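One structure below.
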Protein chains: 2
Amino acid sequence: MEQLDREIVELLVKDGRMSYTDLGKATGLSTSAVHQRVRRLEQRGVIKGYTALIDAESVGLAMTAFISVKPFDPSAPDDIAERLAGIEEIEACHSVAGDENYILKVRVATPTELELLLARVRSVAGVSTRTTVVLSTPYEARPPRL
Amino acid sequence: MEQLDREIVELLVKDGRMSYTDLGKATGLSTSAVHQRVRRLEQRGVIKGYTALIDAESVGLAMTAFISVKPFDPSAPDDIAERLAGIEEIEACHSVAGDENYILKVRVATPTELELLLARVRSVAGVSTRTTVVLSTPYEARPPRL
DNA sequence: TCTGAAAAAATGTAAGA
DNA sequence: TCTTACATTTTTTCAGA
């Protein structure tokens, strides 16, 4: 990817609402030029979307946990990710190398909700789980170096 | 938190670049009313910022991994998160309950970079590490139910 | 792929209920 | 805390290099 596109992406990761006018000033391009580039980056799927970063606690999602998941029947075809996709508490699902097959990142309000969620995960996907509760998050969603 | 604020937050999580005009139409408020509410949500820290969601592969960060971290000397005061804060490859740092003290989410370009990163993490923070490599990510950064 | 121009739309501020 | 009004800024499109 081109240097100019890298700069634009980096700026939009740091501030997803930055105006094309300001992006132009920061990159030395005209407003229309950055605008065109951003559109292309979106079309190519380099930029997948934009989101507001939320303080989970203040919207009532005080508990975060990582759930490692392993199928009861390892010989069955693996459709675990699809089966779990409908569970909205799951923020992310990663297929991983190692003892377990997937790591899920989940957010809930209370320990009771986590308990219910674990039961749902196990029954929906036919998996055993190992749960790591997050106590605090010193930092998260930091912009990568491009 | 009020229902109207929840709606606004939910909309901005789904589309961080949504205009105040459209937010107004979606919530039944005037443009300036949503504008004021969004400003208050930002000031209160409910909305921490805005970001573009990037396809990591297309910017050359093809490897994601979770690194679980445990201090060599568990009796030493825990400043691990601060010590690691300077390492830009670390996207997130969570303090967790369980066998290990922290889980880091990192992004790098190659296995060699991961190897070098692990050495840096260990020496900077005085920790042992256990690394889980992500093979693929079925989904990530899904908007929560509010 | 860029620039510059111009119309259309959104933002930001203020007055008033 | 809301609305309406309005000046300012930004977005968006397009012709041309």
Side-chain angles (χ1 to χ4, degrees), chain A residues 1-62 109 140-146, chain B residues 1-62 109 140-146:
Chain A
M1 199 173 61
E2 208 181 327
Q3 177 57 28
L4 224 37
D5 283 337
R6 269 182 207 289
E7 286 178 38
I8 291 169
V9 167
E10 194 155 14
L11 289 162
L12 282 174
V13 170
K14 284 195 186 124
D15 177 6
R17 278 185 88 88
M18 194 169 180
S19 74
Y20 299 119
T21 309
D22 288 346
L23 284 171
K25 282 174 191 158
T27 54
L29 287 175
S30 70
T31 305
S32 356
V34 267
H35 194 204
Q36 284 171 13
R37 276 177 184 267
V38 170
R39 259 210 296 262
R40 279 190 295 258
L41 288 164
E42 290 167 354
Q43 281 165 357
R44 278 193 270 148
V46 178
I47 296 174
K48 294 190 287 183
Y50 303 89
T51 189
L53 297 168
I54 300 305
D55 178 63
E57 285 200 33
S58 42
V59 296
L61 296 170
E140 194 176 19
R142 298 205 304 181
R145 188 86 159 62
L146 298 180
Chain B
M1 198 173 61
E2 209 181 326
Q3 177 56 25
L4 222 38
D5 284 336
R6 270 182 206 289
E7 285 178 39
I8 291 169
V9 167
E10 193 155 13
L11 289 162
L12 283 173
V13 170
K14 284 197 187 124
D15 177 6
R17 277 186 88 87
M18 194 170 181
S19 73
Y20 299 119
T21 309
D22 287 346
L23 284 171
K25 282 174 191 159
T27 54
L29 287 176
S30 70
T31 305
S32 357
V34 267
H35 194 206
Q36 284 171 12
R37 276 177 183 267
V38 170
R39 260 209 296 262
R40 268 175 261 144
L41 288 164
E42 289 167 355
Q43 282 166 356
R44 277 193 272 148
V46 178
I47 296 175
K48 293 191 288 185
Y50 302 89
T51 189
L53 297 169
I54 300 305
D55 178 63
E57 285 200 34
S58 45
V59 297
L61 295 170
E140 194 175 18
R142 297 204 305 180
R145 188 87 159 63
L146 299 179

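Within every chain, numbering begins at 1; the chains are lettered A, B, ... in the order of the sequence lines, protein sequences first and strands thereafter. Predicted, not measured: the structure shown is a model, and the values here were computed from it.
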Grab the CE-P distance between Met1(B) and dT1(D) for me, whole Å please.
-> 14 Å
When every non-hydrogen atom of Leu11(B) is compared with those of Ala26(B), the smallest separation belongs to CD1-CB, 3.8 Å
Can you tell me the distance, in whole Å, between the CG atom of Leu4(B) and the P atom of dT1(D)?
-> 11 Å
Can you establish whether the number of heavy atoms outside Glu57(B) located under 6.0 Å from its atom CD is more than 12?
-> no
With no angle test and no hydrogens, is the base of dT11(D) tied to the side chain of Ser32(A) by a donor-acceptor pair under 3.5 Å?
-> no
Looking at dT3(C), dC2(D), dT10(D), which one has an atom nearest to any side-chain atom of Asp22(A)?
-> dT10(D)
What integer distance in Å separates Gln36(B):CD from dA5(D):C1'?
-> 14 Å
Kindly say if Arg40(A) contacts the phosphate of dC2(C), meaning a side-chain N or O under 4.0 Å from OP1 or OP2.
-> yes
Leu29(A) has an atom CG; how far is it from atom C1' of dT3(C), in whole Å?
-> 10 Å
Name the nucleic acid region contacted by Ser19(B), choosing base, sugar-phosphate or nothing; use a 4.0 angstrom heavy-atom cut-off, strictly under.
-> sugar-phosphate
Arg17(A) side chain to Met18(B) backbone, donor-acceptor under 3.5 Å | yes
Taking OH from Tyr20(B) and P from dT3(D), how many angstroms apart are they, rounded to a whole number?
-> 16 Å
What closest approach, in Å, do Glu7(B) and Thr27(B) show between heavy atoms, and which atom pair accounts for it?
-> OE1-CG2, 4.0 Å
Specify the separation, in whole Å, of atom CG of Leu23(B) and atom C1' of dG12(C).
-> 15 Å
Please tell me which of Arg17(A) and Gly28(A) maps to the more 5' nucleotide of DNA chain C, matching each residue to the nucleotide holding its nearest heavy atom.
-> Gly28(A)
Are the side chain of Thr51(A) and the backbone N or O of Val13(B) linked by a donor-acceptor pair below 3.5 Å?
-> yes
Does Arg39(B) make a side-chain N or O approach to OP1 or OP2 of dT13(C) shorter than 4.0 Å?
-> yes
For Thr21(B) and dT11(C), is the shortest distance between a side-chain N/O and OP1 or OP2 below 4.0 Å?
-> yes
Are OP1 or OP2 of dT12(D) and a side-chain N or O of His35(A) less than 4.0 angstrom apart?
-> yes
